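Okay, structure first, notes after.
Within every chain, numbering begins at 1; the chains are lettered A, B, ... in the order of the sequence lines, protein sequences first and strands thereafter. None of the values given here were measured: they were computed from a predicted structure.
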Protein chains: 2
Amino acid sequence: MSHWREMSPRRILQSFALRCTPGRKSILQILLQSEQALTQDQIADRLARRRRPLNKVTIYRSLECFLRAGLVHQAYQQDRIWHYELAHRCGKTQCHPHFSCYECGRTFCLPEVSVPLATGLRAGFVLVRQKVRLEGLCPDCQQQPADVPAESPLS
Amino acid sequence: MSHWREMSPRRILQSFALRCTPGRKSILQILLQSEQALTQDQIADRLARRRRPLNKVTIYRSLECFLRAGLVHQAYQQDRIWHYELAHRCGKTQCHPHFSCYECGRTFCLPEVSVPLATGLRAGFVLVRQKVRLEGLCPDCQQQPADVPAESPLS
DNA sequence: CGTCCAAATGCAACTGAGTTGCATATAATT
DNA sequence: AATTATATGCAACTCAGTTGCATTTGGACG
Ligand SMILES: [Mn+2]
Ligand SMILES: [Mn+2]
Ligand SMILES: [Zn+2]
Ligand SMILES: [Zn+2]
């Protein structure tokens, strides 16, 4: 398999049979250079800083087009906001897990962590993708008293 | 551990040290009787059908209070809408998985499916809860041609 | 019982991520 | 260069969830 980071945005778009516009190339470049999943707003910021501003509707529509093509995933939602990332660090049937910190609210990509696929699915269900979200305390926050969800008084 | 379904809403609220109001008892009863996670809107509908209408703000604030107490979980978000369910069918460190169908969009609770906890977490991360979301085709939809995400042309 | 107050409720107005319709611009094909 | 399906920009919109504030009430205490 070819490594996306060694390919130009243009060639990647071509290989996915997507139209190659300046806006899409810029969005793709920003996703290629990011270690984390990004929101529309974060992408817009970075585009503006590179003097390549794009309308937010265009960003959403480009991401949706990338999504349909399988170039990006909607990695996770936080505070009702979608975070997008390139699909190249995800396995065929499983995205890499994400870890959210109860204390600081940050979310981390954990491409090196793998979780076995679910087993014992009821007959008739066809599993295509498994997405795992981990919650807890990140290295920066585990010292401080945290706002961890309460335990049940009945267990 | 006591079984919530055999307890009255009133006793459950008391054991969680929550104030016992008519609204909270009704919301709790609806969650107890549901096999699936419910949205604010679905809860409001069922309350109205029982002639116990509640303001949506009150429903949201009650759910948030239940959440802080550990009585309910935010099970999953679909189309930016939170789905709430009682925590009593979830393990201490892992919620039961949920399965979403690409074709019909329905989401199913899979309390019988278990996934091993993630291993190989980088040093410093403290895992408190693991949430698993499965995507694919449900028994009703696996016959029809489905809108499954595209494969990468580069792999 | 009645008194009291922190907490719960209802209502109206608000927030903001994401969507839609439509006019205009442009990538890719010929 | 001409053509056309697709991409873009802009303004207006949607709607789940939140906030401020006035009013009500659960539950503790006597
Ligand atoms: Mn990621
Ligand atoms: Mn569930
Ligand atoms: Zn943290
Ligand atoms: Zn289905």
Side-chain angles (χ1 to χ4, degrees), chain A residues 8-30 37-48 51-69 71-84 105 107, chain B residues 8-30 37-48 51-69 71-84 105 107:
Chain A
S8 66
R10 157 144 215 191
R11 274 198 53 221
I12 295 176
L13 289 169
Q14 283 175 340
S15 70
F16 278 82
L18 298 173
R19 283 171 82 140
C20 183
T21 68
R24 290 178 173 193
K25 281 191 284 186
S26 312
I27 295 173
L28 187 45
Q29 195 147 65
I30 280 166
L38 298 175
T39 65
Q40 178 282 135
D41 222 54
Q42 292 173 317
I43 294 169
D45 276 355
R46 289 165 206 221
L47 288 168
R51 312 273 165 89
R52 302 228 58 140
L54 268 186
N55 186 277
K56 75 169 181 174
V57 179
T58 303
I59 298 174
Y60 277 119
R61 291 203 266 229
S62 298
L63 289 169
E64 206 208 300
C65 152
F66 293 176
L67 197 62
R68 277 199 310 270
L71 218 184
V72 305
H73 287 155
Q74 289 178 310
Y76 57 90
Q77 240 175 342
Q78 192 150 34
D79 300 322
R80 309 184 70 229
I81 304 171
W82 275 114
H83 293 245
Y84 297 85
T107 297
Chain B
S8 66
R10 158 143 214 191
R11 276 199 51 220
I12 296 175
L13 288 168
Q14 283 175 340
S15 70
F16 278 82
L18 298 174
R19 283 171 82 141
C20 184
T21 68
R24 288 178 174 194
K25 281 191 285 187
S26 313
I27 294 173
L28 188 44
Q29 196 147 64
I30 281 166
L38 298 175
T39 65
Q40 178 282 136
D41 221 53
Q42 292 173 318
I43 294 170
D45 276 355
R46 291 167 204 222
L47 288 168
R51 312 270 166 93
R52 302 230 58 139
L54 268 186
N55 186 277
K56 76 170 181 173
V57 179
T58 303
I59 298 175
Y60 277 119
R61 291 202 266 229
S62 299
L63 289 169
E64 207 208 299
C65 153
F66 293 176
L67 198 62
R68 278 198 311 269
L71 219 184
V72 306
H73 286 156
Q74 290 178 309
Y76 58 89
Q77 239 174 342
Q78 192 148 32
D79 300 321
R80 308 184 71 231
I81 303 172
W82 275 115
H83 294 246
Y84 297 84
T107 298

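The side chain to side chain donor-acceptor pair (under 3.5 Å) check on Y60(A) picks up nothing, with sequence neighbours excluded. Considering only residues two or more places apart in sequence or on other chains, L67(B) meets the side-chain contact (heavy atoms from CB on, under 4.5 Å) condition with V72(B), Q74(B). With sequence neighbours excluded, the residues satisfying side-chain contact (heavy atoms from CB on, under 4.5 Å) with T58(B) are L54(B), N55(B), S62(B). Partners of T21(B) under the side chain to side chain donor-acceptor pair (under 3.5 Å) rule, at least two apart in sequence or in another chain, do not exist in this structure. Contacts of Q78(B) classified as side-chain contact (heavy atoms from CB on, under 4.5 Å), with partners at least two apart in sequence or in another chain: Y76(B), H83(B), S100(B), T107(B), R133(B). Evaluation of the side-chain contact (heavy atoms from CB on, under 4.5 Å) rule for A44(B) yields Q40(B), I59(B) as partners, not counting sequence neighbours. By the side chain to side chain donor-acceptor pair (under 3.5 Å) test, E64(B) pairs with R68(B), sequence neighbours left out.
Terminal axes of the helix from dC1(C)-dG30(D) to dT30(C)-dA1(D) (five pairs each, C1' rotation axis) are separated by 40°, to the nearest 10°.
Screening residues 14-29 of chain B for salt bridge (Lys or Arg N to Asp or Glu O under 4.0 Å) gives no qualifying pairs among residues at least two apart or on separate chains.
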Taking protein heavy atoms under 4.0 Å as touching, what does nucleotides 6-16 of chain D look like 5' to 3' if B marks base contact, S marks sugar-phosphate-only contact and - marks none? SSBBBB----B
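When the P atom of dG16(C) is taken as reference, atom CD of Q77(A) falls 17 Å away, rounded to whole Å.
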Would you tabulate the nitrogen or oxygen pairs shorter than 3.5 Å linking the protein to nucleotides 1-3 of chain D?
none

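With rounding to the nearest 0.5 angstrom, the CD1 atom of I12(A) is 9.5 Å from the CZ atom of F66(A).
Under the 4.5 Å side-chain criterion, counting only non-hydrogen atoms from C-beta, I43(A) is in contact with L63(A).
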